[in-house]
2 protein chains.
Amino acid sequence: MAGSLKRNDSIDEIAAPGVSEDRIRARNVQKILSAAVEVFSRKGLDGARIVEIAKASGLPKGNVYYYFSSKEEIYNATIAHLIHSWDEAFQHISADREPAVAIEDYVRTKLEYARQNAAETRLFANEILQGAGHLSGEARDHMRSITAEKAKVIDAWVAAGKMVKVDARHLFILLWSATQFYAEFEALACDALQVDQLRTADYNLAAKTITQTVLGGLLPRPS
Amino acid sequence: MAGSLKRNDSIDEIAAPGVSEDRIRARNVQKILSAAVEVFSRKGLDGARIVEIAKASGLPKGNVYYYFSSKEEIYNATIAHLIHSWDEAFQHISADREPAVAIEDYVRTKLEYARQNAAETRLFANEILQGAGHLSGEARDHMRSITAEKAKVIDAWVAAGKMVKVDARHLFILLWSATQFYAEFEALACDALQVDQLRTADYNLAAKTITQTVLGGLLPRPS
DNA sequence: AAAAAAGTTGACCGTTTTGTCAACTTCTAT
DNA sequence: ATAGAAGTTGACAAAACGGTCAACTTTTTT
C-alpha cells in the first residue's frame, strides 16, 4: 500500500518522474498524451482527429474519453508543459560565464532537446503559428520575464566589452530560430542537406556552424 | 469588348498582374485564394473549414464550390506558388558579388518578403511542419537544385578567402530560419521584443542584428 | 431585345467526427 | 472471497462537415 490512493483528477504527468509508474491511470494518461503530442504536432488542434490519437495510443476511443472529457482538454494538457525547455536551456546564459562557452552550451542544449523532443518542439511551433491562443497568460508572462532577465546578461557582457554591441532580444530570436529549425522543418532541412534523415553528424555540424558563425562571424579576421 | 474572353480554366492568378482585373471569375478566385491562404496558414489543410474560407472571402459556401471542386484543390492552388520567393531572394547570392553585401541584401529581401507576405510564409511553414506532403516533387527538386547551386557560390567565396570556412547548407538554414521567424512566430517575437505588434523599426533592427551577427560575429575583434 | 452563358444562393444529403453510455471486465482493499 | 471502485469497450446519438444541386439573377453575346 503506497500511501492513500484516492482519485487522481489532476493531469500533470506528461513526464513521469521515475520509470514505470504502474498505476493504470497514470500509464494510460501518459500513453494518450504522448500520442496526442505526436498527432497535434502535425495537425494542430482542429486538424487532429481523436480516433487518430486513440489509435496511436493503442487505446479504443471510448477509453480516451474515460480519461479526458474533450479534445481541447487533451490539447491543453499537452501544451501546458511546453515552456519548461525554454528556461532549462536558458540556464546556460548566466552572467558569470564567458559568452563564448555560454552560447555554445546554449546552442548545443537547445539543439539536442529539439532533436530528442521533436514532436513537442513541433507542437510548440504549431501553437505559436496558430496565434498562441492556448498558451496560458502565466506561461507567456513567464517566458517574457525569463527573456528579459537573460537579455540583461547579454547587455552586461556587452557593457563589459566581452561582446560586440548587439540587441539581446533579436539575438535570442536568432538562436531560437536556428536551433528549432531542424526539428520543426525536418523535411526542408533534409532537402537542403541532401540526406533522407537527420543524423547525429548533421546535428553536430549544425551546432558547429551556428556557434562558429554567431560567435566568430563569416568574414575573415584581419590577422 | 476587349479581345476574345472564353473560359478561364487554369488557376494561376494568385498574384494579379495589374490592379483591378475586372473579370468576375478572376476576382472571385482571387478572393477565395487570399482567404484560403489566411485560413490554411493558421489551421493547415485538415484543420481549415471551408465555411471559414467562404466567410473570410465574403462569398457563400456554394459559390466557393462553383470555382473549386474540393478543399484539397484550393489548398494545392495556394501552395503551388510558394517556391517563387525562394529563388527570388536567392538571386542575391551570386559569385560576382562581395559576400558581405550579398548576404545583407539576401537577409533584407527575405525579411521584407516574409513581412509583406506573412500568411504565405506561415502557410509554407505549416506545410513543411506537416511533412511537406503536398509540395510537388518538382517543387522540391527545384528547391534542392537551387540550394545546391547557391551552396557552390558560398564554397567559391570560401575558396577565394573571402569568407571563413563554413558549411554552406547549414549557413542557409541559419539564414532561412532567422528571416522567417518573425512572420511565422510573430506572437513569440512580440513577446520577446515586448511589443504588441511588429513594426518597421523592429524589422530593421532584426535585419541589422542578423547581418551584423552573421557577418562579423559576436566576439570582439582584436584591433 | 432575346437567348445563352456565367454566376449566385440556400436548402439539402451522405459522411465523418465528437462525445455519451450501459454493459462488462479487471483491479484493489478488506 | 467478496464488494466496490476503476477501467474497458463497442454501439450509439447528435452535431459538424464536405460537397451537391436546382432554381434564380446577372452578365455577355448576337
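Quantities reported herein were computed from a predicted structural model and do not represent experimental measurements. Every chain is numbered from 1 and lettered A, B, ... according to where its sequence line falls, protein lines coming before strand lines. The figures here come from the full heavy-atom set of this structure, side chains too, leaving out hydrogens, waters and symmetry mates.
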**OP:** Would you mind classifying the nucleic acid contact of B/Ala48 as base, sugar-phosphate or nothing, using non-hydrogen atoms under 4.0 angstrom?
**Re:** sugar-phosphate
Original post:
Under 4.0 Å between a side-chain N/O of A/Arg25 and OP1 or OP2 of D/dG7, yes or no?
Top reply: yes
Subject >> Proximity of B/Phe124 and B/Trp176 rings by center, below 6.0 Å >> reply: no
Original post:
Can you tell which of D/dT8, C/dT18, C/dG7 lies closest to the side chain of A/Ile24?
Top reply: D/dT8
Original post:
In whole angstroms, how far is the C1' atom of D/dC17 from the NZ atom of A/Lys71?
Top reply: 12 Å
Original post:
Between the side chain of A/Lys71 and the main-chain N/O of A/Leu45, is any donor-acceptor distance below 3.5 Å?
Top reply: yes
Original post:
Salt bridge or not for A/Asp141 and A/Arg144, using N-O below 4.0 Å?
Top reply: yes
Original post:
At how many degrees, to 10°, do the end axes of the helix from C/dA1-D/dT30 to C/dT30-D/dA1 meet when each uses five pairs?
Top reply: 20°
**OP:** Ignoring the backbone of A/Tyr65, work out which of C/dT18, C/dG7, D/dG19 is nearest its side chain.
**Re:** C/dT18
Original post:
Please give, in whole Å, the distance from C/dT18 P to B/Asp46 CG?
Top reply: 11 Å
**OP:** Report the residues that fulfil salt bridge (Lys or Arg N to Asp or Glu O under 4.0 Å) with B/Arg108, sequence neighbours left out, ordered by chain and then residue number.
**Re:** B/Glu104
Original post:
Is it the case that B/Ser34 and B/Glu38 place a side-chain donor and acceptor less than 3.5 Å from each other?
Top reply: no
Original post:
Using the benzene-type ring in the case of Trp, are the ring centres of A/Phe181 and B/His170 under 6.0 Å apart?
Top reply: no
Original post:
With respect to the phosphate group of D/dT20, does any side-chain polar atom (N or O) of B/Tyr66 fall under 4.0 Å of OP1 or OP2?
Top reply: no
**OP:** Could you check how far CD1 of A/Ile53 sits from C1' of C/dT18, rounded to whole Å?
**Re:** 12 Å
Original post:
Crowded around A/Lys208 NZ? As in, over 12 foreign heavy atoms under 6.0 Å?
Top reply: no
**OP:** Give the rounded distance in Å between these two atoms: CG of A/Asn28 and P of C/dT26.
**Re:** 15 Å
Subject >> Partner of A/Arg115 by side chain to side chain donor-acceptor pair (under 3.5 Å), out of A/Thr200, A/Asp202, A/Thr121 >> reply: A/Thr200
Original post:
Can you tell me how far P of D/dA16 sits from CD1 of A/Ile50, to the nearest Å?
Top reply: 15 Å
Subject >> Atom-pair distance (OH on A/Tyr67; P on D/dA5), nearest Å >> reply: 17 Å
Could you list the protein-to-nucleotides 10-16 of chain C atom pairs, N/O on both sides, closer than 3.5 Å?
none

**OP:** Mind calculating the distance between CD (A/Glu72) and C1' (C/dT17) to the nearest angstrom?
**Re:** 16 Å
Original post:
From A/Ile128 CD1 over to B/Asp191 CG, what is the distance, rounded to the nearest 0.5 angstrom?
Top reply: 7.5 Å
Original post:
Between A/Arg27 (CZ) and D/dG7 (P), how many Å, whole number?
Top reply: 10 Å
